[in-house]
J.: 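A single structure is presented below for examination.
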Amino acid sequence: WLVIAVGLVRAYLAKGSYHSLYYSIEKPLKFFQTGALLEILHCAFGIVPSSVVLTAFQVMSRVFLTWAVTHSVKEVQTEDSVLLFVVAWTITEIIRYSFYTFSLLNHLPYLIKWARYTLFIVLYPMGVSGELLTIYAALPFVRQSGLYSISLPNKYNFSFDYYTFLILVMISYIPIFPQLYFHMLHQRRKVLSRTEELKKSE
């Protein structure tokens, strides 16, 4: 994710504009975000003490955005909303993996812990906004092209409308996003208050 961050900065400095920076980090984004599927297995096997359901939802939604929307609908790759969620993901993951690394080394700076449990307040809505705006921008092109859609009649007697599916995905954010967001706020209060108590006791 640091590679992606450096790629974004270098592309911005070279172009002098933040528009269409997606192409400068397309390959590493696909590689690293797809590799995050391993995190679901890590939770399932107990290597990481995180919820399998929450981790699966977050990882799969990102993989879906990366491949089934941004990669598949070329027209949205120039949208500023793509940069919005890429920047949010990148900052979030750099902080999160730094947190894990220093925790394993038993030397976790308070600043990284604070950033891990505070910056999501802005980054999470920022990422979700970018994701929803990108899906919304893809809708007209999906409808026009019939991308991934299966119409009747066919030998399987089955139909699938990818356009409608994307709308349902957008609607699913309404109940799911608040649950995840408030769960993280609860975690923030629990972790940071515990840290403050430890500081006072010392």
J.: Would you name the heavy atoms of Val76 and Ala137 that are closest together and state the gap between them?
T.: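 Answer, listing the atom of Val76 first, then Ala137: CG1-C, 3.8 Å.
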J.: Same cluster or not: Leu119 versus Leu8, using hydrophobic residues (I, L, V, M, F, W, Y) connected whenever any side-chain heavy atoms lie under 4.5 Å apart?
T.: yes
J.: Got Glu93 and Arg62 here, is their nearest side-chain heavy-atom distance under 4.5 Å?
T.: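 Yes; the side chains approach each other to less than 4.5 Å.
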J.: So does Ser151 get a backbone contact from the side chain of Asn154, meaning a donor-acceptor N/O pair under 3.5 Å?
T.: yes
J.: If two hydrophobic side chains count as joined below 4.5 Å and joins carry through other members, does Val191 share a cluster with Met184?
T.: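 In one cluster with Val191: Met184, yes.
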J.: Is it possible for you to say whether Val87 and Leu13 belong to one hydrophobic cluster, with membership spreading through side-chain heavy-atom contacts below 4.5 Å?
T.: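 Val87 and Leu13: one cluster.
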J.: Taking the six-membered ring of Tyr117 as reference, does the NZ or CZ atom of Arg188 fall below 6.0 Å from its centre and within a 45° cone about the axis?
T.: no
J.: Which heavy atom in Ile95 sits nearest to a heavy atom in Ala115, and how many Å separate them?
T.: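 Looking at all heavy atoms of both residues, the shortest contact is CG2-C, 3.9 Å.
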J.: Examine distances only and state if a side-chain atom of Thr34 and a backbone atom of Phe31 form a donor-acceptor pair shorter than 3.5 Å.
T.: no
J.: Find the distance between NZ (Lys27) and NZ (Lys30) and round it off to the nearest 0.5 Å.
T.: 9.0 Å
J.: Does the side chain of Lys15 come within less than 4.5 Å of Ser20's, by heavy atoms?
T.: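 Of all side-chain heavy-atom pairs linking Lys15 with Ser20, at least one is under 4.5 Å.
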J.: Are Arg116 and Tyr100 close enough that some pair of their side-chain heavy atoms sits under 4.5 Å apart?
T.: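 The answer is yes, as the side chains (C-beta and beyond) meet within the 4.5 Å cut-off.
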J.: Write down the atom of Ala5, the atom of Thr90, and the distance for their closest heavy-atom approach.
T.: CB-CG2, 3.7 Å
J.: Is Phe45 linked to Val59 within one hydrophobic cluster, defined over Ile, Leu, Val, Met, Phe, Trp and Tyr using a side-chain heavy-atom separation of less than 4.5 Å?
T.: no
J.: Identify the two heavy atoms, one from Gln33 and one from Val63, that lie closest to each other, and give their separation to 0.1 Å.
T.: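 Smallest interatomic distance, heavy atoms only, reads O-CG2, 3.6 Å.
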J.: Got a sec: does the OH of Tyr12 have more than 12 other heavy atoms crowding it under 6.0 Å?
T.: no
J.: Would a 4.5 Å heavy-atom cut-off, applied to side chains only, mark Val82 and Leu65 as touching?
T.: no
J.: Grab the two heavy atoms, one from Val3 and one from Pro28, that are nearest each other, plus how far apart they are.
T.: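 Result for this residue pair: CG1-CB, 4.5 Å.
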J.: Is it the case that one hydrophobic cluster holds both Ile25 and Leu2, taking links as side-chain heavy atoms less than 4.5 Å apart, direct or via other members?
T.: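 Both belong to a single hydrophobic cluster.
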J.: Look only at the side chain of Gln187 and the backbone of His183, and say whether a donor-acceptor pair between them is shorter than 3.5 Å.
T.: no
J.: What's the shortest heavy-atom distance between Phe102 and Pro109, and which atoms?
T.: CG-CD, 3.8 Å
J.: Going through the checks in order, is the ring pair (Phe, Tyr, Trp, His ring centres under 6.0 Å) test met by Phe177 and Tyr181?
T.: CA-CA 6 Å; Phe177 169 71; Tyr181 194 67; 5.4 Å; yes
J.: Distance check, rounded to the nearest 0.5 Å: Ser129 atom OG versus Tyr136 atom OH?
T.: 14.5 Å
J.: Less than 4.5 Å apart, side chain to side chain, heavy atoms only: is that true for Leu84 and Glu79?
T.: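 Heavy-atom side-chain distance check fails, nothing below 4.5 Å.
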J.: Taking the side chain as everything from C-beta on, heavy atoms only, tell me whether Leu29 gets closer than 4.5 Å to Glu26.
T.: no
J.: Going by atom types only, do Glu131 and Trp89 share a side-chain donor-acceptor pair under 3.5 Å?
T.: yes
J.: Does the side chain of Phe57 reach to within under 4.5 Å of the side chain of Leu180, using non-hydrogen atoms?
T.: yes
J.: What is the distance from atom OG1 of Thr78 to atom NE2 of His19, rounded to the nearest 0.5 Å?
T.: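 Rounded to the nearest 0.5 Å, the OG1-NE2 separation comes out at 10.5 Å.
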J.: Rounded to the nearest 0.5 Å, what separation is found between the NZ atom of Lys113 and the OG atom of Ser98?
T.: 15.0 Å
J.: Will you find, in the side chains of Thr92 and Trp1, an N or O donor that is under 3.5 Å from an N or O acceptor?
T.: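 Trp1 and Thr92 do not have a side-chain donor-acceptor pair below 3.5 Å.
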J.: Verify side-chain contact (heavy atoms from CB on, under 4.5 Å) between Ser159 and Leu152, making sure each step is shown before the conclusion.
T.: CA-CA 6 Å; Ser159 66; Leu152 290 170; 3.8 Å; yes
J.: Side chains of Ser81 and Thr134: is there a donor and an acceptor less than 3.5 Å apart?
T.: yes
J.: Can you confirm whether or not the ring centre of Tyr148 sits under 6.0 Å from the ring centre of Phe160?
T.: no
J.: I'd like to know if the side chain of Thr55 and the backbone of Ile40 have a donor-acceptor N/O pair within less than 3.5 Å.
T.: no
J.: Side chains of Tyr22 and Leu83: does their closest heavy-atom pair fall under 4.5 Å?
T.: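 Answer no - side chains too far apart.
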J.: Tell me if the aromatic rings of Tyr124 and Phe120 count as close, with their centers under 6.0 Å from one another.
T.: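 Centroid distance Tyr124-Phe120: not below 6.0 Å, so no.
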J.: Find the distance between CD1 (Ile112) and OH (Tyr97) and round it off to the nearest 0.5 Å.
T.: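 Result: 15.0 Å between the selected atoms.
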J.: Please walk me through it: do Leu166 and Tyr162 pass side-chain contact (heavy atoms from CB on, under 4.5 Å)?
T.: CA-CA 6 Å; Leu166 286 179; Tyr162 189 54; 3.7 Å; yes
J.: Just wondering, are more than 12 heavy atoms of other shown residues or ligands nearer than 6.0 Å to OH in Tyr23?
T.: yes
J.: Apply the test side-chain contact (heavy atoms from CB on, under 4.5 Å) to residues Phe141 and Leu147: give CA-CA distance (whole Å), side-chain angles for both, the deciding distance (0.1 Å), then the verdict.
T.: CA-CA 8 Å; Phe141 303 105; Leu147 180 71; over 6 Å; no
J.: Once rounded to the nearest 0.5 Å, what's the spacing between atom CD of Gln58 and atom CD1 of Ile176?
T.: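 If we round to the nearest 0.5 Å, Gln58:CD and Ile176:CD1 are 10.5 Å apart.
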J.: Where do Phe165 and Asp161 land on the side-chain contact (heavy atoms from CB on, under 4.5 Å) test, with the steps shown first?
T.: CA-CA 6 Å; Phe165 177 74; Asp161 184 13; over 6 Å; no
